[in-house]
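Proteins come first, then strands; the chains are lettered A, B, ... in the order of their sequence lines, and each starts at number 1.
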There are 2 protein chains.
Amino acid sequence: MLTTQKEQLREKDKAVRFKRTPQRLAILEFLKDNTSHPSAEEIYRTVGKKYESMSFATVYNTLHALTRAGALRELTIDPERKRYDPNTSRHHHLICLTCGKIFDVPDDIRVDLPKAMQGDFIVVGNHVEFYAHCPLCGKKRKAS
Amino acid sequence: MLTTQKEQLREKDKAVRFKRTPQRLAILEFLKDNTSHPSAEEIYRTVGKKYESMSFATVYNTLHALTRAGALRELTIDPERKRYDPNTSRHHHLICLTCGKIFDVPDDIRVDLPKAMQGDFIVVGNHVEFYAHCPLCGKKRKAS
DNA sequence: ATAAATGCAAAGCATTTGCAGTAAA
DNA sequence: TTTACTGCAAATGCTTTGCATTTAT
């Protein structure tokens, strides 16, 4: 979502050929139907263990390529690191303030820029972040 | 918004006394009524130039102290760095995908968790991010 | 063949930390 | 005078980059 015009052009050029390497296929398979919103480090650790050794550079390379291709969404909701979401259809997120887990929130929500701003800005997308306590952590809180 | 329970406790302890040092007052003054959503680096550069020399550690120390005290909000909308917002009343943000500027969006928006999730999660807050092109950058785009 | 991806290690930024000296309270 | 803050520099953590080698096409 946060690319300059120049970067978008550059990325378009590079998107010409996408090689299906074993590393990329392994990452792709790990990400498929994955709703855990993993970080690069989690992907590196999990995929590297399950399939074959792989460098961090390759993980990032793949994540960037997939993001460019629109097959992946980079989330900024976690201030510590980027998280990746293979679900690119419109939806929102909830982060548990206790355990840090990120949950999907379906896009039942109609969000519009206030009318006063609508004439001035060309809105491309939006994203709602909910800060909350998840069922498990909420229960633990009550107990203490 | 993103602190663990343990961190919250630790921060509460430290919040006991807040010394009014010249550095902190200078940062506070710079931040007052500032709607530019500056990064730590921008604060360091601007305040350091205008008033007196100051270390990066002090900037972060102050930002953390103010955030803890609830006088400042840390924004995660910019994936590259944290941004700080002295306006702690409920509102949302819009980031220009071309120039990166962040704009305030008044809280005319009612955002609720879908009913299906409301029973399970204890929602503490929410934040809407709009991705857009600002008036200036939108005009430039049309021209090209 | 050739263009792109890999792996490694080094570099780059943003942010944090340890600690001795300094200054609010 | 006590306790917190400052400044410095080193350390950390996430992400990027350069480059020689390998591999998909």
message: For A:Tyr60 and A:Phe56, take the angle between the two ring planes, folded into 0 to 90°, and tell me which bin it lands in: parallel under 30, tilted 30 to 60, perpendicular over 60.
response: parallel
task: May I ask you to say what A:Gln23 touches in the nucleic acid, namely base, sugar-phosphate or nothing, with a heavy-atom cut-off under 4.0 Å?
output: sugar-phosphate
Among the nucleotides [options], which one has an atom lying closest to any side-chain atom of [X]?
| X | options | result |
| --- | --- | --- |
| B:Thr58 | D:dT25, D:dG7, D:dT16 | D:dG7 |
| A:Lys82 | D:dT15, C:dT6, D:dC5 | D:dT15 |
| B:His64 | C:dT6, C:dT16, C:dT15 | C:dT16 |
| B:Pro22 | C:dT16, C:dT6, C:dA24 | C:dA24 |

task: Select from B:Lys19 and B:Met54 the residue whose nearest nucleotide in DNA chain D is closer to the 5' end of that strand.
output: B:Lys19
message: Does A:Arg68 qualify as a cation-pi partner of A:Phe18, given the criterion of NZ or CZ under 6.0 Å from the six-membered ring centre and within 45 degrees of its axis?
response: no
query: Got a second to check how far B:Glu74's CD is from B:Leu66's CG, nearest 0.5 Å?
result: 11.0 Å
- prompt: For the pair made of CZ in A:Arg24 and P in C:dA4, what is the distance, rounded to whole Å?
  reply: 11 Å
Interatomic distance where CG belongs to B:Asn61 and P belongs to C:dC19 [whole Å]: 17 Å
- prompt: Is there a donor-acceptor contact under 3.5 Å linking the side chains of B:His92 and A:Asn126?
  reply: no
query: Between B:Tyr60 and C:dT16, does any side-chain N or O lie under 4.0 Å from OP1 or OP2?
result: no
statement: By nearest-heavy-atom nucleotide on DNA chain C, the more 5' of B:Arg81 and B:Thr21 is B:Arg81
